[in-house]
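To start, the structure itself, in structure tokens.
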Amino acid sequence: MLEEITKMTEEVSLKSATSNPGTHFVLVHGISGGAWCWYKIRCLMENSGHKVSTVDLKSAGIDPTDVNSVLSFADYNKPLLDFFSSLPEHEQVVLVGHSAGGLSVTLATLKFPKKIRLAIYVAATMLKHGYTTEEDLKDGVPDLSEFGDVYELGFGLGANQPPTSGIVRKEFQRKIIYQMSPLEDSTLAAMLLRPGPLLAITTAKFKEEANDHDNAVLNKVPRVYVKTLHDHVVKPAQQDSMVKRWPPAEVYVLDSDHSPFFSQPFLLLGFLVKAAEASRREII
């Protein structure tokens, strides 16, 4: 395994040798994940000369916050917004979001458009206004009912209130999220996944902020979508619908499950670097 990774890393480095190094990528995880999800991609990117920042959103990864106390989307994303606030004014990054992390990408784009050169959505929820219509919910909320009762829910506001947190039960995780990923990666994920703040994420709405000026801002920051063909979480039909409703500049397609950073890390890396280089050329 180590020899395989070393060989593939060398190949990626060789391919990157003729490209412009030094892009700053900021990688955002999805619900229940954390910065750890990106360990393969971060290793490959840094080995190729790029700068990488990975962020644990509130209650995720090693952030100690109790998930059932995170009740708003703004609070959940405070670590990401704080990160952007601390970036120098002149610095621009390529912002990448996976799964529900796509909503975080859109929020950051609204708040810090001048600091984002390109927004990339990987098997992600790409909704211009968040969850504001029935169509948004249909396209952006995973429907796992075909697998049965898969969620463990937390009710931080009381049993008679909507659930505040949730996680896919361990016995379903590989089948649903990592069915094409190496067994060691799904094993690692089973050890590290944490309940995500369901209430905070499903109440993500940008409509109040999305006036004419904000619409212009969102459309000014170029977007790329990475579609995952064998995704059980954000299904291909949902991805297609979101792409059709809010067309990005480019769509890349991966023969992957919902977690291409595990199942197709080298192809995913290639798409991310290619998109970043294309955006750099457009600016120049």
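Linking Ile, Leu, Val, Met, Phe, Trp and Tyr whenever their side-chain heavy atoms come within less than 4.5 Å leaves I176 and M180 in two separate clusters. Criterion: ILVMFWY side-chain heavy atoms under 4.5 Å apart, direct or through other members. Under it, L199 and V67 are not part of a common hydrophobic cluster. A single hydrophobic cluster is not seen to contain both F155 and L71; linkage of ILVMFWY side chains at heavy-atom distances under 4.5 Å, directly or through other members, places them apart. Hydrophobic clustering, with ILVMFWY side chains joined whenever heavy atoms are under 4.5 angstrom apart, groups L95 together with V251. Residues L153 and L157 fall into different hydrophobic clusters, defined by Ile, Leu, Val, Met, Phe, Trp and Tyr side chains chained together at heavy-atom separations under 4.5 Å.
W246 has its side chain within reach of Y121: a pair of non-hydrogen atoms, C-beta onward, lies under 4.5 Å apart. At least one side-chain heavy atom of Y39 sits under 4.5 Å from a side-chain heavy atom of D185. The closest side-chain heavy-atom distance from L272 to M45 is below 4.5 Å. Inter-residue side-chain proximity for F206 and K128 is flagged as unmet; no heavy-atom pair is nearer than 4.5 Å. Put simply, the side chain of P222 reaches to within 4.5 Å of the side chain of L118, judged on heavy atoms. Residues T54 and W36 fail the side-chain proximity criterion, which asks for heavy atoms closer than 4.5 Å. Between F84 and I116, some side-chain heavy-atom pair lies under the 4.5 Å cut-off. Between H24 and S53, some side-chain heavy-atom pair lies under the 4.5 Å cut-off.
Side-chain atoms of K115 come within 3.5 Å of backbone N or O of L87 as a donor-acceptor pair. Looking at R194, its side chain does come within 3.5 Å of a backbone N or O of S59 through a donor-acceptor pair. For the pair D231 (side chain) and V234 (backbone), a donor-acceptor distance under 3.5 Å is present. In this structure, the side chain of Q238 does not engage the main chain of T125 through any donor-acceptor pair within 3.5 Å. Remark: the backbone N or O of M126 is not paired with any side-chain donor or acceptor of R245 at under 3.5 angstrom. Judged purely by atom type and a 3.5 angstrom limit, D63 has no side-chain atom pairing as donor or acceptor with the backbone of D56. When atom types are taken as modelled, the side chain of Q173 and the backbone of V168 share a donor-acceptor pair closer than 3.5 angstrom. Remark: side-chain polar atoms of S241 are not paired, donor with acceptor, to backbone N or O of A237 under 3.5 angstrom. Put simply, the side chain of T164 gets close to the backbone of G154: a donor and an acceptor are under 3.5 Å apart.
Shortest non-hydrogen contact noted between S69 and T65 is OG-CG2, 3.5 Å. K40 and P182 make their closest contact through NZ-CG, 3.9 Å (heavy atoms, listed as atom of the first residue, atom of the second, distance). Scanning all heavy atoms of the two residues, the minimum distance from V70 to A200 falls at O-CB, 3.7 Å. For the pair W38 and V96, the tightest heavy-atom approach, listed with the atom from each and the gap, is CH2-CG1, 3.9 Å. Contact record, S32 with G166: OG-O, 3.7 Å, taken as the closest heavy-atom pair. Among all heavy-atom pairs drawn from S256 and S259, the shortest one is OG-C, 4.2 Å.
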Practice item. List the steps, then state whether side-chain contact (heavy atoms from CB on, under 4.5 Å) holds for V122 with F271. Key: CA-CA 10 Å; V122 179; F271 286 158; over 6 Å; no
Exercise for review: Please step through side-chain hydrogen bond (donor to acceptor under 3.5 Å, both in side chains) for the pair D136 and T133, ending with a clear verdict.
Suggested key: CA-CA 5 Å; D136 294 329; T133 68; 3.0 Å; yes
Check your understanding: Going through the distances and angles, do Y151 and L198 end up as a side-chain contact (heavy atoms from CB on, under 4.5 Å)?
Key -> CA-CA 11 Å; Y151 288 113; L198 275 185; 5.8 Å; no
Practice item. Show your reasoning for whether side-chain contact (heavy atoms from CB on, under 4.5 Å) applies to S181 and D257. Key: CA-CA 7 Å; S181 299; D257 56 18; 2.9 Å; yes
Practice item. Using the side-chain contact (heavy atoms from CB on, under 4.5 Å) rule, take V52 and L27 through it: C-alpha gap first, then chi angles, then the decisive distance, then the call. Key: CA-CA 7 Å; V52 183; L27 310 178; 3.7 Å; yes
Exercise for review: Evaluate the criterion side-chain hydrogen bond (donor to acceptor under 3.5 Å, both in side chains) for residue pair Y76 and S104; output intermediate values, then yes/no.
Suggested key: CA-CA 9 Å; Y76 177 52; S104 302; 5.8 Å; no
Exercise for review: Output, in order, the C-alpha distance, side-chain angles, deciding distance and verdict of salt bridge (Lys or Arg N to Asp or Glu O under 4.0 Å) for D240 and K227.
Suggested key: CA-CA 8 Å; D240 288 341; K227 179 182 175 182; 2.9 Å; yes
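Other residues, nucleotides and ligands place no more than 12 heavy atoms under 6.0 Å from the NZ atom of K78.
Salt-bridge formation is not detected for the pair E250/K274: no Lys NZ or Arg NE/NH1/NH2 atom is positioned less than 4.0 Å from an Asp or Glu carboxylate oxygen. The residues K58 and D75 are annotated as salt-bridged, a charged nitrogen and a carboxylate oxygen being separated by less than 4.0 angstrom.
Atom CG in L193 sits 10.0 Å away from atom OG in S186 (nearest 0.5 Å). Summarising the geometry, atom CG belonging to L127 is positioned 11.5 Å from atom NZ belonging to K205; distances are rounded to the nearest 0.5 Å. Here the CG-CD1 distance, from L57 to I31, works out to 10.5 Å after rounding to the nearest 0.5 Å.
For residues 173-205, every residue pair satisfying the ring-ring contact (aromatic ring centres under 6.0 Å, His included) rule, not counting sequence neighbours, is listed here: Y178-F262. Among pairs with a residue in residues 219-242, those fulfilling ring-ring contact (aromatic ring centres under 6.0 Å, His included) read F147-H232, at least two apart in sequence or across chains. Within the structure, salt bridge (Lys or Arg N to Asp or Glu O under 4.0 Å) contacts touching residues 164-174 (residues at least two apart or in different chains) are D149-R169.
Looking at P236, P260, S263 one by one, the single match for side-chain contact (heavy atoms from CB on, under 4.5 Å) with T228 turns out to be P260.
Ring geometry for H98 against H258 counts as tilted: the plane angle lies between 30° and 60°, on a 0 to 90° scale.
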